[in-house]
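Below is one structure, written out as structure tokens, with a few remarks after it.
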Amino acid sequence: MATNESVSGTRLEGGTRGTTTIADNVVSTIAGIAVRETDGVHAVGKGPSRALGAVKDRVSRSSDPGRGVKVEVGEKQTAIDLDIVVEYGATIMETARSIRTNVTEAVQTMTGLEVVEININVTDVHVPGSDDDEDETSAGNSRVQ
């Protein structure tokens, strides 16, 4: 967890000094939202965690924006690990550059923490229509009866 003595390094006159603590899940939520807003990203998380998360989301009727994001938060710095699925046709290196820019800006702006490292693990490529094919097969539209 991060602890800062003052917000944005400023001291308010007449106020008392205190601490601000930023929990790991705050940073992972911010990073997760920033990743999902990046062009070329289809999903965040590995296959099993995405499947389990989808079930959990249906049951709880909410989503976890921090899924697929691991963070290590120190007093002034943070490191972030991401598992992503890219869209077919997206340039992976350009998508990774955009992710690093978006996540760094979001985390540093909202928390004041310096992002020292963002590791991106591309776990899959999403091919448009592949999800639709699975649904049709499970609905009984198979070639073989």
Side-chain angles (χ1 to χ4, degrees), residues 1-12 18-145:
M1 281 195 220
T3 304
N4 295 326
E5 289 187 358
S6 61
V7 178
S8 302
T10 60
R11 184 185 295 180
L12 301 175
T19 60
T20 302
T21 303
I22 302 171
D24 293 4
N25 67 331
V26 171
V27 176
S28 65
T29 297
I30 294 167
I33 292 170
V35 170
R36 286 171 176 82
E37 292 176 345
T38 305
D39 289 338
V41 175
H42 175 72
V44 181
K46 293 182 180 176
S49 71
R50 286 196 329 264
L52 182 61
V55 171
K56 185 176 158 187
D57 292 348
R58 283 189 202 119
V59 171
S60 67
R61 294 187 180 155
S62 67
S63 62
D64 178 13
R67 186 180 328 120
V69 180
K70 294 180 193 115
V71 299
E72 194 175 322
V73 180
E75 289 186 22
K76 296 180 181 181
Q77 298 177 326
T78 185
I80 302 168
D81 296 328
L82 306 167
D83 294 321
I84 66 164
V85 176
V86 296
E87 290 284 350
Y88 178 79
T91 306
I92 293 174
M93 296 310 286
E94 184 58 38
T95 302
R97 249 189 305 278
S98 295
I99 288 170
R100 285 187 177 96
T101 299
N102 292 349
V103 170
T104 299
E105 287 176 3
V107 170
Q108 287 182 345
T109 299
M110 293 185 72
T111 67
L113 295 170
E114 177 189 7
V115 178
V116 294
E117 180 176 89
I118 299 176
N119 297 309
I120 301 171
N121 181 28
V122 179
T123 61
D124 203 356
V125 174
H126 176 259
V127 180
S130 64
D131 292 341
D132 299 335
D133 295 342
E134 291 173 12
D135 293 340
E136 289 175 10
T137 303
S138 64
N141 295 334
S142 175
R143 293 187 308 155
V144 179
Q145 294 187 12

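Along the sequence shown, residues are numbered consecutively beginning with 1.
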Heavy-atom side-chain contact between Arg100 and Val115 under 4.5 Å: no
CD/Gln108: more than 12 non-hydrogen atoms of other groups inside 6.0 Å: yes
Ala31 to Val69 - nearest heavy-atom pair and separation: CB-CG1, 4.0 Å
Minimum heavy-atom distance between Val125 and Glu87, given as atom pair plus value: CG1-C, 4.2 Å
Non-hydrogen side-chain atoms of Val85 and Thr123 separated by less than 4.5 Å: yes
Distance in Å, Thr104 OG1 paired with Glu114 CD, rounded so as to fall on 0.5 Å steps: 10.0 Å
Closest approach of Thr29 to Asn25 (non-hydrogen atoms, all atoms of both residues): OG1-O, 2.8 Å
Pairwise distance CD1(Ile99) to CZ(Arg36) - rounded to 0.5 angstrom: 11.0 Å
Given Ile118, Ile84, Asn102, the one that forms side-chain contact (heavy atoms from CB on, under 4.5 Å) with Val35: Ile84
Nearest heavy-atom neighbours spanning Asp39 and Thr95: O-CG2, 3.8 Å
Side-chain heavy-atom pair Lys70, Asp83 within 4.5 angstrom cut-off: yes
Within 6.0 angstrom of Asn119 CG, more than 12 heavy atoms from elsewhere: yes
Shortest non-hydrogen separation from Val27 to Ile22 and the atoms involved: CG2-CG2, 4.0 Å
From Leu113 atom CG to Ile30 atom CD1, the distance as rounded to the nearest 0.5 Å: 8.5 Å
Shortest non-hydrogen contact from Ala106 toward Ala34: CB-CB, 4.0 Å
Distance, nearest 0.5 Å, that separates CD of Glu75 from OG1 of Thr21: 10.0 Å
Check: Asn121 and Asp81 side chains under 4.5 Å, non-hydrogen atoms: no
